[in-house]
Student: 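First the structure, then my questions, so here it is.
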Amino acid sequence: MTLPPFELHRVGSVEEARELLTRYGDDAAVICGGTELLLLLKLGFAAYGHLVDIKGITPLGGIRVDNGSVVIGSTVTHRQIERSPLVLERLPALAAMERRVANIRVRSIGTLGGNLCFSDPHSDPATFLLALDAEVEYDGTRVPVTRFLVGPYETALEHGQVLTAVHIPIPPPGTGIAHRKLAFHERPAATVTCLMRIADGLITDARIAVGSVGARPVRAIEAERVLTGTAADDRCALSGAADLAAEASQPVDDANGSALYKAHLVRVLVERCFSDARAAAAA
Amino acid sequence: MIFDSHMHVGSFESMFGVSLDRDGIDELMCGHDISAGVVFHPDNAYVAEVVETIPGLYGLVWANPRLRGYLEEAREFLAHPKFLGMKLHPLIDGYHPNDPLVHRLVELLLERDLPVLIHCGHPIFTLPWSIEELAVNFPDAKIILGHMGHGNVVYINGAIDVALRNPNVYLETSGMPMHTKIREAVERVGETRVLFGSDVPFHHPEVEIAKVRLSGLSPELVERVLSRNGRALFFRDENAEAPS
């Protein structure tokens, strides 16, 4: 496997990137880490004569807190996120999830923006961000992750648009967040993120996102509805919610197993993940 | 890409002064081209947590027949999709490998057609001839002599002899200091029954991999020991990246 030739354009601004993308049209793509894109090129699944490298655009780097959200520039690497003192302090569950993404080589090069724009259904960050009601920013507008991820390898971005940042609301104190996955191959077979808040022994906010088993990560809305208002230790409600989450995830047959098997994985992971989130909320 | 048939994760500070956590084993695998392998620790639940998040990494159930509920625990973890067999350490846990309590564990493995890796190379309970008793009693069980006799040439030769006499016995190379014995094992026992293991964090993968590469085997046989044989035994396909 060798990379076919292409021209690499290292740009210093979003405007410059847009100009190049417009000029070269379908023969150009954005590269922001390249851990996925370069593989595609090597395998011959995609071909571009021009790659526009946006990693050098300074305003797209950095992590900050703004208006109750952690804002992560699209060129920030997974490794930077997992080690960021700000993330460790304000959103430690995000750092913990990022520490489990792929492997150290991918995390050192791959970026959060690149991960989301590739829209691989087997994405840990996408599942996590969905549960946290995160938004992505491009063209000066903010779009919920749930609308941004249209399908496998497809996002709401149009050609020439560049993702600039990801906004993740910081949950109030007492919120428990947990992320779990099961991985046989390089990409996870199932990913689950749960978020919950408890007051007076009752669940006041329950969120479940499931990824990697279907065409795109999804929120298990019915499962969340069943759990909200129930006792935090109601195992029967949790078991029912796990069934609903498995149904909502719309698993498909693939190299990780049959749809039936993956539905089982989702049920098991949701129950475990929810228990983790409950423990975190209690702590 | 290497298959490592012998890895540990967790803390072994009290006795050995070493430890390796989830991120550490992930980095070691990446740094040494180990794309797949098996790992174990007496705390099976911890191992499950680790293997669930590392692609290519699988668990072996650490079973101790001297503990109450050992069969139930073994059954539970053998049902986990990322556990591919069993690890026995009769030396540390204090039992004879041919004890009737062990037979019940082997029966569990036979029902599932899974292998068992047994520490081999220390008196009184892990000498190759003691493990041979188990291999003879269960000729269909796939028994791996971990360390293939370890540091003593008498036991190393003994381990090779035991494998020669018993076609259900495999040899795993970690911690065994004589690189030339790897070639001898392949030549005497056969090219498919010698498996690479690193025994991290007790031994370094770089040293253990170099031993195989310097053993005098042809490049094809080096690859077989470093990669194909472990995959064939644990994944049932010598070219597979995951169990079939």
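Here is how names work: the chains are called A, B, and so on, in the same order as the sequence lines, proteins then strands, and each is numbered from 1.
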Student: Above 12 or not: heavy atoms from other molecules or residues under 6.0 Å from CD of A:E154?
Tutor: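 More than 12 heavy atoms, drawn from other residues, nucleotides or ligands, come within 6.0 Å of this atom.
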
Student: In this structure, are over 12 heavy atoms from other groups packed under 6.0 Å from A:L260 atom CG?
Tutor: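 Open: at most 12 neighbouring heavy atoms sit under 6.0 Å from CG of A:L260.
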
Student: With a 6.0 Å cut-off (strictly less than), is the heavy-atom count around CD of B:E238, excluding the residue itself, greater than 12?
Tutor: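 More than 12 heavy atoms, drawn from other residues, nucleotides or ligands, come within 6.0 Å of this atom.
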
Student: Counting only heavy atoms not in B:H32, do more than 12 fall under 6.0 Å of its NE2?
Tutor: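 Atom NE2 in B:H32 is crowded, with more than 12 foreign heavy atoms closer than 6.0 Å.
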
Student: Taking atom CZ of B:R236 as the centre, report whether more than 12 heavy atoms of other residues, nucleotides or ligands fall under 6.0 Å from it.
Tutor: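 Enclosed: over 12 neighbouring heavy atoms sit under 6.0 Å from CZ of B:R236.
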
Student: Please indicate whether A:E247 has more than 12 foreign heavy atoms, meaning atoms of other residues, nucleotides or ligands, lying under 6.0 Å from its CD.
Tutor: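 Open.
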
Student: With a 4.5 angstrom heavy-atom cut-off, is it the side chain or the backbone of B:L57 that approaches chain A, or both, or neither?
Tutor: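 For B:L57, no heavy atom lies under 4.5 Å from chain A.
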
Student: By number, which residues in residues 92-110 of chain A have some heavy atom less than 4.5 Å away from chain B?
Tutor: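 At a heavy-atom separation under 4.5 Å, chain B is reached by A:R99, A:R100, A:A102, A:N103, A:I104, A:R105, A:R107.
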
Student: Please determine whether the number of non-hydrogen atoms from other residues, nucleotides or ligands lying under 6.0 Å from atom CZ of A:R83 exceeds 12.
Tutor: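 Not buried by this count: 12 neighbours or fewer within 6.0 Å.
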
Student: Residue by residue, scan residues 36-51 of chain B and write down, ordered by number, those that have a heavy-atom distance under 4.5 Å to chain A; if none do, write 'none'.
Tutor: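 Residues B:E49, B:V51 are the ones that qualify, each having a heavy atom under 4.5 Å from chain A.
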
Student: Are any of the side-chain nitrogens in B:E52 or A:R180 under 4.0 Å away from the carboxylate oxygens of its partner?
Tutor: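 Looking at A:R180 together with B:E52, the answer is yes, because their closest N to O distance falls below 4.0 Å.
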
Student: Any idea which heavy atoms bring B:T53 and A:K181 closest together, and the distance?
Tutor: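 Scanning both residues completely, I find the closest heavy atoms to be O-CE, 3.8 Å.
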
Student: Say whether, by atom type as modelled, one donor and one acceptor occur between the side chain of B:K82 and the main chain of A:L182 under 3.5 angstrom.
Tutor: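 A pair under 3.5 Å: no.
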
Student: Write down the atom of B:P81, the atom of A:Y261, and the distance for their closest heavy-atom approach.
Tutor: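 Shortest heavy-atom separation between B:P81 and A:Y261 comes out as CB-OH, 2.9 Å.
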
